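Down below is the structure, laid out as structure tokens.
A, B, ... follow the sequence lines: proteins, then strands. Residue 1 opens every chain. Remember, predicted model here, so these are calculated numbers, not experimental data.
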Number of protein chains: 2
Amino acid sequence: MKIGELVQRSGLSAYTIRYYERIGLLPHADRDRSSRRDYDASILVWIAFLGRLKTTGMPIREMLRYAALREQGAGTETERRQLLETHRERVRVHVAELNACLLILDSKIGGYADAEKRIKDYDTALPRGRREPVGARKARTR
Amino acid sequence: MKIGELVQRSGLSAYTIRYYERIGLLPHADRDRSSRRDYDASILVWIAFLGRLKTTGMPIREMLRYAALREQGAGTETERRQLLETHRERVRVHVAELNACLLILDSKIGGYADAEKRIKDYDTALPRGRREPVGARKARTR
DNA sequence: CTACAGGTTCGAGCGCACTCTAAGTCAATA
DNA sequence: TATTGACTTAGAGTGCGCTCGAACCTGTAG
């Protein structure tokens, strides 16, 4: 697989793929005789995993640590597990924070909705003939 | 309240507070006669809310939009609500992603744990007298 | 009076994670 | 054979969100 195909299948840009290789997040790819990168499909599994780590907010520094342990191979499993466990804990904490923030957002949004409802009630309670207060933003599409 | 106290009570650095004011995320603070910032306690509520937005990943650009609408005051409620609703939806999606990633992390960690258990079983199945394979990392605290 | 803590402004610098430019190579097709 | 387009490299540039340095000012305590 050439880099172009990997771009299609991984969702990363060629720039990013080369950058990741440069910093050691992706293993140095084999080259064909004109020194173009030639990938094995298995790289997609690793890229997908890196994507999870990224999505969950792991900094590249730490992914590099994990990648290095992985390259080292046997004997690094415990450290890799610990690294992931630590990360998992951080993610759990963060998810809890996000859920707390969502509740606050809900109540904030609820407050605006109530305010709008009060305005609307007042509006419909106006005498016939001039229902919309000045500055009312009603898009009325169509 | 002077900036020093606000630092204590908000958790932001003085640098950050000034920066936020500079870009318009915090309203221009009143100054005392020696042109030092003098805050009203109500600023803490706004800073806390900005903190929620930040925690949930809202970029400063968008907080600025919200802050500008808020400064404008009446008549911007609908847009503020819409902004927060859009954001809430993104956060929900992100939380779902994080939860999916957590499951994957769990199984990855589980895989390492199983591998370690297999090694341990093999280890304890070794003949008496030389139980620990070379390189075993057992901290044995205390 | 002097020292010092704690403030002020402006603009520069930093760390992160890319993203792109420039100049060159190579293989396949018209 | 000439051109096209996908690739290569090294290194520069970008956008974000701060973070800091330098020079200066002010109110209070010793």
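Using a cut-off of 4.0 Å between Lys/Arg side-chain N and Asp/Glu carboxylate O, A:Asp32 and A:Lys2 are scored as salt-bridged. A salt bridge does not link A:Arg81 with A:Glu77: none of the charged nitrogens is closer than 4.0 Å to a carboxylate oxygen. Using a 4.0 Å cut-off between charged nitrogen and carboxylate oxygen, A:Glu97 and B:Arg52 do not count as a salt-bridge pair. Between B:Glu62 and B:Arg65, no side-chain nitrogen of the basic residue sits less than 4.0 Å from a carboxylate oxygen of the acidic one, so the salt-bridge criterion is not met. Salt-bridge formation is detected for the pair B:Asp106/A:Arg88: a Lys NZ or Arg NE/NH1/NH2 atom is positioned less than 4.0 Å from an Asp or Glu carboxylate oxygen.
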Quiz item: Given the rule that a pair is Watson-Crick or G-U wobble with both distances under 3.5 Å, how would you write DNA chain D in dot-bracket, using | for pairs to a different strand?
Solution: ||||||||||||||||||||||||||||||
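The neighbour count for B:Asp30 CG, taken as heavy atoms of other residues, nucleotides or ligands under 6.0 Å away, does not exceed 12.
Look at CD on A:Gln8: it is 10 Å from P on D:dA6, rounded to the nearest Å. Regarding A:Lys2, its NZ atom lies at a distance of 19 Å from the P atom of C:dT25, rounded to whole Å. The distance between atom CD1 of B:Ile3 and atom C1' of C:dT8, rounded to the nearest whole Å, is 10 Å. Residue B:Tyr39 contributes atom OH, which lies 12 Å from atom C1' of C:dT8 at whole-angstrom precision. In this structure, B:Arg31 places its CZ atom 6 Å from P of C:dT8, rounding to the nearest Å. For the pair A:Ile17 CD1 and D:dT9 C1', the interatomic distance rounds to 16 Å; values are reported in whole Å. Rounded to an integer number of Å, the gap from CD1 of A:Ile23 to P of D:dA10 is 15 Å.
Residues of residues 41-50 of chain A having a heavy atom closer than 4.0 Å to DNA chain D: none are found.
Judged by distance alone, the side chain of B:Thr76 and the main-chain N or O of B:Glu79 form no donor-acceptor pair under 3.5 Å.
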Exercise. Walk me through it: do A:Arg31 and A:Ser35 pass the test side chain to side chain donor-acceptor pair (under 3.5 Å)?
Key: CA-CA 5 Å; A:Arg31 312 301 164 111; A:Ser35 68; over 6 Å; no
Quiz prompt | From CA spacing to verdict: ring pair (Phe, Tyr, Trp, His ring centres under 6.0 Å), A:Phe49, A:Tyr66 | solution = CA-CA 11 Å; A:Phe49 186 63; A:Tyr66 187 84; 5.7 Å; yes
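At the phosphate of D:dT9, OP1 or OP2 sits under 4.0 Å from a side-chain N or O atom of A:Arg37. Look at A:Arg18 and you won't find any side-chain N or O under 4.0 angstrom from OP1 or OP2 of C:dT21.
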Quiz prompt | Heavy-atom protein contacts under 4.0 Å, nucleotides 18-30 of chain D, coded B base, S sugar-phosphate only, - none | solution = BBB----BBS---
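The shortest distance between side-chain heavy atoms of A:Thr56 and B:Leu102 does not fall below 4.5 Å. Contact annotation: the side chain of B:Tyr112 never approaches that of A:Gln82 to less than 4.5 Å [non-hydrogen atoms, C-beta and beyond].
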